[in-house]
Peer 1: 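Here it is, the structure, as structure tokens.
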Amino acid sequence: MHPTYTRTHPFMATLRERYSLSSSASDKVTKHLVVDLKGSGIHYKVGDSLAIYPLNDAKIVSRLLTTLSATGDEIVV
């Protein structure tokens, strides 16, 4: 039995594919995304929605903070 994933207990899927469905001349941006749901027990149906919680590479964040002489606690507006 798979655990139940919810808004407050999300399944962290991996993005496998991404490309634009809209032309560069369009004001609207529409993307096609393929996510790997393997092991989740989730079955995507057309019309379902998902949220994207991006994760930053910790090494890149650390290098950027060092370069900026920042701590990471600064408020960015």
Side-chain angles (χ1 to χ4, degrees):
M1 178 165 190
H2 296 285
T4 301
Y5 295 102
T6 65
R7 183 176 299 187
T8 56
H9 177 64
F11 176 74
M12 299 303 280
T14 301
L15 182 62
R16 295 289 179 207
E17 195 175 324
R18 177 187 76 193
Y19 56 87
S20 181
L21 294 174
S22 47
S23 78
S24 58
S26 176
D27 289 334
K28 183 177 178 181
V29 176
T30 304
K31 300 282 185 180
H32 174 86
L33 304 174
V34 176
V35 294
D36 185 354
L37 298 175
K38 191 181 304 172
S40 70
I42 297 171
H43 299 282
Y44 180 84
K45 296 181 292 271
V46 174
D48 284 351
S49 62
L50 62 94
I52 298 176
Y53 299 97
L55 298 176
N56 294 310
D57 182 303
K59 289 179 186 175
I60 294 173
V61 171
S62 180
R63 285 191 355 229
L64 180 61
L65 290 173
T66 299
T67 300
L68 296 173
S69 298
T71 65
D73 293 323
E74 294 81 6
I75 295 175
V76 179
V77 209

Peer 1: Of all the heavy-atom pairs spanning H43 and G41, show the shortest one and how long it is.
Peer 2: CD2-O, 3.4 Å
Peer 1: Say you draw a straight line from OG1 of T14 to CG of L55; how long is it, rounded to the nearest 0.5 Å?
Peer 2: 9.5 Å
Peer 1: List, by chain and then residue number, the residues other than F11 in its hydrophobic cluster (Ile/Leu/Val/Met/Phe/Trp/Tyr, side-chain heavy atoms under 4.5 Å); write none if there are no others.
Peer 2: Y5, L15, L33, V35, L37, I42, Y44, L50, I52
Peer 1: Locate the shortest heavy-atom distance separating R7 from Y53; write the atom from each residue and the value.
Peer 2: O-OH, 4.0 Å
Peer 1: Please output the side-chain donor-acceptor pairs of residues 68-77 that fall under 3.5 Å, not counting sequence neighbours, one pair per line with the distance.
Peer 2:
unit_1 : atom_1 : unit_2 : atom_2 : d
T71    : OG1    : D73    : N      : 3.1
T71    : OG1    : E74    : OE1    : 3.4
T71    : OG1    : E74    : OE2    : 3.2
E74    : OE1    : T71    : N      : 3.3
E74    : OE1    : G72    : N      : 2.8
E74    : OE2    : T71    : N      : 2.8

Peer 1: Around H32, counting heavy atoms of other residues, nucleotides and ligands shown, do more than 12 lie under 6.0 Å from its NE2?
Peer 2: yes
Peer 1: Shortest non-hydrogen contact from D36 to R16?
Peer 2: OD2-NH2, 3.0 Å
Peer 1: For V34, which fellow cluster members are found when Ile, Leu, Val, Met, Phe, Trp and Tyr are connected by side-chain heavy-atom distances below 4.5 angstrom, either directly or through intermediates?
Peer 2: none
Peer 1: Got a donor-acceptor contact below 3.5 angstrom from the T66 side chain to the S62 backbone?
Peer 2: yes
Peer 1: Do S22 side-chain atoms and T30 backbone N/O form a donor-acceptor pair below 3.5 Å?
Peer 2: yes
